[in-house]
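All of these numbers come straight from a predicted model, not from anything done at the bench. Below, all heavy atoms of this structure are taken into account, side chains as well, without hydrogens, waters or symmetry copies. Below, chains carry the letters A, B, ... as their sequence lines are ordered, and counting in each starts from 1.
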There are 2 protein chains.
Amino acid sequence: MQTTHDTLFRALADPTRRALFERLCRDGEKTVGDLTARAGVSQPVVSKHLVVLKQAGLVRDRHEGRHTHYSAQLRALAPLIDWTSQMTGFWENRFDDLENLLKRMDQ
Amino acid sequence: MQTTHDTLFRALADPTRRALFERLCRDGEKTVGDLTARAGVSQPVVSKHLVVLKQAGLVRDRHEGRHTHYSAQLRALAPLIDWTSQMTGFWENRFDDLENLLKRMDQ
DNA sequence: GCGATCCATATCCATATGGCTATGGGTTAT
DNA sequence: ATAACCCATAGCCATATGGATATGGATCGC
């Protein structure tokens with residue numbers, strides 16, 4: 001069985017792949033060429049990583065001529081936030097800032 | 001280079017390993033035997049997974065006679081929460097419930 | 001003391017994974 | 001039309017990974 005959490009965590013576990021996603025989050029829509037220029041790996045590798053991110057729902061692609069524009073899909077992170085929330089009991093207790101959360105997490 | 005996010009995401013990417021951590025979060029401290037009984041894999045495999053979780057800081061172990069008790073270390077999830085927060089712009093905007101966050105994440 | 005129990009480590013194996021190069025389809029430019 | 005460009009797919013390969021079994025050290029019960 002392949003759960004949503006599986007695909008999400010696995011997609012974000014690889015440093016190269018996570019870096020791609022982070023860049024799309026920070027800098028917005030980018031083409032494969034743009035991403036490849038700073039990824040440190042070859043273009044086919046970037047494409048393969050983008051496939052994985054897309055299958056996890058973390059990115060969207062938009063075709064425009066011979067360019068393919070990719071953008072981050074933040075809503076795909078919802079299960080991850082929900083999971084950590086469940087683990088830490090975050091939402092049940094409705095902490096409203098990081099300080100309190102960290103305090104609670106110190107045991 | 002091996003970052004904190006790497007070890008965290010990688011540790012949680014495996015379903016068996018994540019299940020172990022989830023169980024420790026829900027049910028509290030457990031021995032290796034307890035965990036093995038429901039893990040669906042052999043005892044050595046459970047031990048190996050626990051090593052990975054421990055190296056990621058996600059669990060603590062306590063030795064008591066021939067038993068080893070493991071427990072979840074919630075504070076280890078902090079970097080993960082921080083990361084998702086940065087990606088979604090959560091903390092900058094100080095949303096106070098999941099509804100608002102989800103709404104914002106719908107593009 | 002001795003066997004049984006608990007757990008960690010060692011070894012092995014099959015598969016998954018992440019990188020590369022080669023290639024080809026589609027698109028733009030000349 | 002043809003060349004150049006962008007990107008995806010197809011192989012290929014080395015390594016990482018998750019599983020199993022075998023074993024051994026430490027501890028408890030008898």
Side-chain angles (χ1 to χ4, degrees), chain A residues 1-24 27-72, chain B residues 1-24 27-72:
Chain A
M1 185 185 58
Q2 178 83 318
T3 77
T4 300
H5 290 150
D6 279 328
T7 48
L8 260 185
F9 275 113
R10 292 200 52 92
L12 296 171
D14 180 71
T16 306
R17 201 154 49 216
R18 196 172 58 255
L20 287 172
F21 178 69
E22 289 172 358
R23 194 148 122 78
L24 290 176
D27 304 346
E29 197 179 61
K30 289 272 171 277
T31 70
V32 177
D34 293 337
L35 294 170
T36 300
R38 292 171 171 273
V41 292
S42 67
Q43 172 268 311
V45 169
V46 170
S47 284
K48 246 199 322 193
H49 281 309
L50 289 171
V51 167
V52 176
L53 289 173
K54 186 180 172 183
Q55 284 173 348
L58 287 164
V59 299
R60 260 177 79 78
D61 57 350
R62 179 173 69 80
H63 298 281
E64 186 178 317
R66 55 183 168 178
H67 297 278
T68 309
H69 300 267
Y70 281 87
S71 53
Chain B
M1 185 184 59
Q2 179 83 317
T3 76
T4 301
H5 290 151
D6 278 328
T7 47
L8 261 185
F9 275 112
R10 292 200 53 97
L12 296 170
D14 180 71
T16 306
R17 201 153 50 217
R18 196 172 59 253
L20 287 172
F21 179 69
E22 289 172 359
R23 193 148 122 77
L24 290 176
D27 305 346
E29 197 179 61
K30 289 272 170 277
T31 70
V32 177
D34 293 337
L35 294 171
T36 300
R38 292 171 172 275
V41 292
S42 67
Q43 172 268 313
V45 169
V46 170
S47 284
K48 245 196 329 189
H49 281 309
L50 288 171
V51 167
V52 176
L53 289 173
K54 187 179 172 185
Q55 284 173 348
L58 287 164
V59 300
R60 259 177 78 79
D61 56 349
R62 181 173 69 81
H63 298 280
E64 186 177 317
R66 53 182 167 177
H67 297 277
T68 310
H69 300 266
Y70 281 88
S71 54

**Report entry** Side chain proximity check, A/D34 to A/R23, heavy atoms < 4.5 angstrom
**Finding:** yes

Report summary line: In this structure, NE2 of B/H69 is separated from CZ of B/R62 (nearest 0.5 Å) by 4.5 Å

Query - Distance below 4.0 Å between A/Y70 side-chain N/O and D/dA8 OP1 or OP2 - result: yes

Report task. Rounded to the nearest angstrom, tell me the gap between atom NZ in B/K30 and atom C1' in C/dC6. Result -> 17 Å

Query raised in the report: In whole angstroms, how far is the P atom of C/dT27 from the CZ atom of A/R62?
Result: 15 Å

Query raised in the report: In whole Å, what is the span from the NE2 atom of B/H63 to the C1' atom of D/dA26?
Result: 11 Å

Report summary line: The answer to which of B/D61 and A/P44 contacts DNA chain C further toward the 5' end, by nearest nucleotide, is B/D61

**Report entry** Test item: B/R60 side-chain N/O and B/S71 main-chain N/O as donor-acceptor pair under 3.5 Å
**Finding:** no

Report summary line: The contact string for nucleotides 11-18 of chain C, one letter per nucleotide 5' to 3', using protein heavy atoms under 4.0 Å with B, S and - for base, sugar-phosphate only and none, comes out as ------SB

Query raised in the report: Roughly, in whole Å, what's the span from CD in A/Q43 to C1' in D/dA8?
Result: 7 Å

Which pairs would a plain distance check flag for residues 38-48 of chain B, meaning a side-chain donor or acceptor within less than 3.5 Å of a matching protein atom at least two apart in sequence or in another chain?
residue	atom	partner	partner atom	Å
B/Q43	NE2	B/S47	OG	3.1

Report task. Have a look at B/T36 and say if it touches a base, only the backbone sugar-phosphate, or nothing, with a 4.0 Å heavy-atom cut-off. Result -> nothing

**Report entry** Under-4.0 Å side-chain N/O to phosphate OP1/OP2 contact, A/S47 with D/dC7
**Finding:** no

Query raised in the report: Taking atom P of C/dG19 as reference, at what distance in whole Å does atom CG of A/L50 sit?
Result: 12 Å

Query raised in the report: Given atom CZ of A/R66 and atom C1' of C/dT27, what is their separation to the nearest angstrom?
Result: 6 Å

Requested in this report: With DNA chain D as reference, determine whether A/H67 or A/V51 sits nearer its 5' end, using the nearest nucleotide of each.
Outcome: A/H67

**Report entry** Donor-acceptor pair, side chain of A/R18 and main chain of A/L12, under 3.5 angstrom
**Finding:** yes

Query raised in the report: Any side-chain heavy atom of B/L24 sitting closer than 4.5 Å to one from B/L53?
Result: no

Query raised in the report: Does A/K30 reach the side chain of A/L20, with side-chain heavy atoms less than 4.5 Å apart?
Result: no

Query raised in the report: Taking OP1 and OP2 of D/dG19, is either one under 4.0 Å from a side-chain nitrogen or oxygen of B/S42?
Result: no

Query raised in the report: NA contact type, B/T68, heavy-atom cut-off 4.0 Å: base, sugar-phosphate, or nothing?
Result: sugar-phosphate

